[in-house]
Participant: 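Before I ask anything, let me first share the structure, which is written out below as structure tokens.
First listed ligand is number 1; within each ligand, the first listed atom is number 1. Keep in mind that this is a model prediction, so the values were computed, not measured.
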Amino acid sequence: MAGLMRRYHVTTFGCQMNAHDSERIKGMLESLGLGEAVAPDEADVLVFNTCTIREKPDTKLAAYLGDAAARKRERPDTIVAVGGCYAEAQRERIFERYPFVDVAFGPGSIPHLGEWIDAGGYGVERGRFGTHEHFAADLPDRRERRHQAWVQVSMGCNSACSYCIVPAVRGREQSRRPGEILAEVTRLAHEGVREITLLGQNVNSWGRDLAPDLHTEFGELLRACDAVDGIERIRFTSPHPKDFREPVIAAVAECASVCEHVHLPLQSGSARVLKAMRRTYGPERYLKLVAQLRAAIPDLALGTDIIVGFPGETDADFDATLAVVEEARFDSAFTFVYSPRSGTAAAAMPDQIDDGVKRDRMEQLVAVVQRIAAENNARRIGRIEQVLVEGPSRTDPDLWRGRTRRNTTVNFDGACAPGDLVDVMIDAASSTTLRGRAVPALVAM
Ligand code: 5AD
Ligand code: SF4
């Protein structure tokens with residue numbers, strides 16, 4: 001009967017939230033009786049879960065949709081569904097621009113996708129956009145990874161960062177109820193998951209919008225997740241520096257399973273630019289928070305996001321960013337060239353920065369970030385780090401690959417299996433990865 005089974009293929013762009021949404025999309029399609037196709041050209045239903053945070057993913061999507069159009073010309077009964085943030089930002093324009101698209105849906109309407117991609121027939125109506133009333137997290141999932149899982153704690157974002165399209169496409173912040181989150185974490189633990197990553201656009205404002213009887217805050221949620229048996233590691237992303245308060249710092253410091261790793265988006269080190277970005281903190285407050293985190297959490301790994309070339313950014317502003325990077329000594333940083341997004345306040349600001357200047361600043365920033373990350377990683381040499389084994393190394397099939405609690409990738413020799421927690425002696429380091437060997441006496445822990 002397998003030959004009769006309709007098959008789907010999902011292509012995912014963007015952040016971890018989108019990757020997680022794709023697990024829900026897959027889970028839902030499978031609950032409708034569809035099976036996963038190994039490649040898009042073998043699928044009856046092609047789903048694109050899109051991103052629109054910068055211009056690059058938009059351009060990439062256009063190329064993918066070109067292939068989908070070709071597939072549809074060969075097999076007119078193919079269903080093409082475009083979801084996610086780009087779809088939401090473009091809404092009906094999707095159908096004008098790409099007339100072969102059958103269904104378009106925003107991140108808030110994943111639960112309706114099943115109705116729209118009617119598994120029984122091919123008579124698909126052009127999709128509507130639902131509101132943000134449901135958590136995709138309530139749908140069945142189809143996880144790619146056995147021992148690690150994402151857990152959505154909120155959707156949407158109430159911040160008003162002037163460069164960012166996300167609040168427009170993902171709506172107002174809505175927290176998921178703590179009982180539902182903990183039920184999911186407990187189920188995941190029973191299924192053998194050892195590491196969870198709590199996901200939200202601004203995780204540490206979680207809980208503020210819940211009914212007063214449920215009122216709770218993110219630190220308490222971390223503590224409750226920490227108490228779930230079987231979950232050895234807890235991560236969360238992304239917090240906003242403006243909402244990183246003492247109870248959350250204390251929870252990270254005190255909960256054994258919460259990893260010593262905080263991703264804390266800086267965006268800029270210039271007070272003036274941060275103000276124009278509407279981040280509501282300045283460089284001093286950011287650095288004070290870093291100092292508090294480091295004082296409370298020994299051996300903390302700090303990650304960040306930085307944007308260069310925001311409208312009006314001067315050489316002095318950029319130097320201020322480099323100065324904060326030097327002081328905060330990030331272990332990792334995602335660096336972005338500012339990309340104007342239509343409809344955001346920053347896109348309409350005067351003094352957009354020349355592409356050459358943006359590229360030049362980017363190059364300088366990356367050099368500093370890599371030097372500091374390499375120096376930090378070199379300090380790990382000679383230490384034993386606990387590693388969660390993820391699979392074979394991507395570069396050498398004779399080695400294993402895993403991640404330390406500080407979230408650095410390690411390639412190592414040793415006898416183990418995915419999902420094991422092993423102690424690894426670190427022998428070498430680059431700016432992004434470590435190399436080591438499992439310490440035999442401790443492997444059985
Ligand atoms: N241009 C460049 N980078 C952006 N980000 C968000 N919006 C933009 C934009 N318009 C970056 C921020 C954010 C990360 C997810 O993407 O650094 O933290
Ligand atoms: Fe994620 Fe933002 Fe891209 Fe949406 S636009 S997928 S929230 S990065």
Side-chain angles (χ1 to χ4, degrees), residues 10-25 47-61 82-90 105-110 132 136 150 152 154-173 197 199-203 237-242 262-269 273-274 276-279 281 286 303-311 313 321 324-325 330 332-349 352-353 355 358-359 361-362 365-366 369:
V10 181
T11 308
T12 308
F13 303 84
C15 63
Q16 298 188 53
M17 187 68 89
N18 243 29
H20 183 48
D21 284 349
S22 284
E23 293 181 335
R24 302 291 171 181
I25 291 172
V47 183
F48 297 89
N49 191 16
T50 63
C51 171
T52 192
I53 194 127
R54 286 170 289 275
E55 201 182 337
K56 218 160 140 194
D58 290 7
T59 340
K60 225 162 98 183
L61 175 69
V82 181
C85 295
Y86 175 80
E88 180 71 40
Q90 298 297 319
F105 61 103
S109 39
I110 293 172
H132 294 265
W150 290 297
Q152 189 181 2
S154 62
M155 60 180 165
C157 180
N158 287 356
S159 302
C161 303
S162 58
Y163 50 82
C164 191
I165 190 79
V166 173
V169 294
R170 290 212 174 233
R172 301 286 295 168
E173 181 172 59
T197 303
L199 286 183
Q201 249 75 41
N202 178 6
V203 283
T237 198
S238 283
H240 192 306
K242 77 176 162 65
V262 172
H263 185 78
L264 195 65
L266 167 67
Q267 312 301 6
S268 168
V273 172
L274 284 168
M277 287 177 162
R278 299 200 206 119
R279 291 290 288 173
Y281 57 84
Y286 183 92
T304 200
D305 293 344
I306 300 170
I307 298 174
V308 298
F310 185 82
E313 185 187 68
T321 296
V324 174
V325 170
F330 297 112
S332 63
F334 296 118
T335 51
F336 306 105
V337 168
Y338 168 71
S339 172
R341 306 318 285 140
S342 125
T344 61
M349 287 180 184
Q352 297 287 326
I353 305 294
D355 281 349
K358 284 184 185 168
R359 267 200 307 274
R361 287 182 186 160
M362 182 67 159
L365 176 64
V366 167
V369 160

Participant: Against heavy atoms of Ile307, which atoms of ligand 1 measure under 4.0 Å?
Facilitator: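 Atoms satisfying the 4.0 Å criterion: 3 (N), 4 (C), 5 (N), 12 (C), 17 (O).
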Participant: Which residue owns the protein heavy atom closest to atom 14 (C) of ligand 1, what's the atom, and how far is it?
Facilitator: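 Nearest protein contact, heavy atoms only, for atom 14 (C) of ligand 1 is Asp305 OD2, 3.5 Å.
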Participant: Find all atoms of ligand 1 within a distance of less than 4.0 Å from any non-hydrogen atom belonging to Arg341, and give their numbers and elements.
Facilitator: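 Listed by number with element, the hits are 10 (N).
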Participant: Among protein heavy atoms, which sits nearest to atom 11 (C) of ligand 1, and what does the distance come to when rounded to 0.1 Å?
Facilitator: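 Result for atom 11 (C) of ligand 1: Arg54 NH1, 3.3 Å.
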Participant: Considering only the protein, which heavy-atom contact is closest to atom 17 (O) of ligand 1, and what is its distance?
Facilitator: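 It is Gln267 OE1, 2.6 Å.
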Participant: Can you find an N/O atom of Tyr163 closer than 3.5 Å to an N/O atom of ligand 1?
Facilitator: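 Right, the criterion is met.
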Participant: Would you mind checking which non-hydrogen protein atom is closest to atom 2 (Fe) of ligand 2, with the distance to 0.1 Å?
Facilitator: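 Ranking protein heavy atoms by distance from atom 2 (Fe) of ligand 2, first comes Val166 CG2, 3.1 Å.
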Participant: Please check if any side-chain donor atom of Asp58 sits under 3.5 Å from a side-chain acceptor atom of Thr52, or the reverse.
Facilitator: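 Present: a donor and an acceptor within the cut-off.
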Participant: Which bit of Val337 gets closer than 4.0 Å to ligand 1, counting heavy atoms only: side chain, backbone, both or neither?
Facilitator: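 Only the backbone of Val337 comes within reach of ligand 1.
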Participant: How many angstroms lie between CE in Met155 and CD1 in Ile110, if you round to the nearest 0.5 Å?
Facilitator: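 Here the rounded value is 10.0 Å.
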Participant: May I ask you to check if any N/O/S atom from Cys85 comes under 2.8 Å of atom 4 (Fe) of ligand 2?
Facilitator: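 Checking atom 4 (Fe) of ligand 2 against Cys85, an N, O or S atom does fall under 2.8 Å.
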Participant: Could you tell me the residue and atom name of the protein heavy atom closest to atom 1 (Fe) of ligand 2, and the distance to it rounded to 0.1 Å?
Facilitator: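 For atom 1 (Fe) of ligand 2, the nearest protein heavy atom is Cys15 SG, 2.2 Å.
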Participant: Using a 4.0 Å heavy-atom cut-off, which part of Asn18 comes near ligand 2: side chain, backbone, both, or neither?
Facilitator: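 It is the side chain that gets close, since no backbone atom is under 4.0 Å.
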Participant: Should Gln267 and Tyr281 be marked as a side-chain contact (heavy atoms from CB on, under 4.5 Å) after you check the CA-CA gap, both sets of side-chain angles, and the distance that decides it?
Facilitator: CA-CA 11 Å; Gln267 312 301 6; Tyr281 57 84; 4.2 Å; yes
Participant: Hey, is there an N, O or S on Cys51 sitting under 2.8 Å from atom 3 (Fe) of ligand 2?
Facilitator: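 Yes - counting backbone and side chain alike, Cys51 has an N, O or S atom under 2.8 Å.
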Participant: Which one holds for Gln201 and ligand 2: side chain close, backbone close, both close, or neither close, with close meaning a heavy atom under 4.0 Å?
Facilitator: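 It is the side chain that touches ligand 2; the backbone stays farther off.
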Participant: Write down the atom of Glu88, the atom of Val169, and the distance for their closest heavy-atom approach.
Facilitator: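 Reported closest heavy-atom pair: CG-O, 3.3 Å.
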Participant: Which atom names give the shortest non-hydrogen contact between Pro239 and Leu264, and what distance separates them?
Facilitator: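 Heavy-atom minimum between the residues: CG-CD1, 4.3 Å.
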Participant: Could you tell me whether Glu313 and Lys358 make a salt bridge, using a distance below 4.0 angstrom between a side-chain N and a carboxylate O?
Facilitator: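 The answer is no: the pair does not qualify as a salt bridge.
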Participant: For atom 10 (N) of ligand 1, what is the closest protein heavy atom, and at what distance to 0.1 Å?
Facilitator: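 Residue, atom and distance for the closest contact: Ser339 O, 2.8 Å.
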Participant: For atom 7 (S) of ligand 2, which of the options Met155, Arg170, Gln16 provides the nearest non-hydrogen atom?
Facilitator: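 When every heavy atom of Met155, Arg170, Gln16 is considered, Arg170 comes closest to atom 7 (S) of ligand 2.
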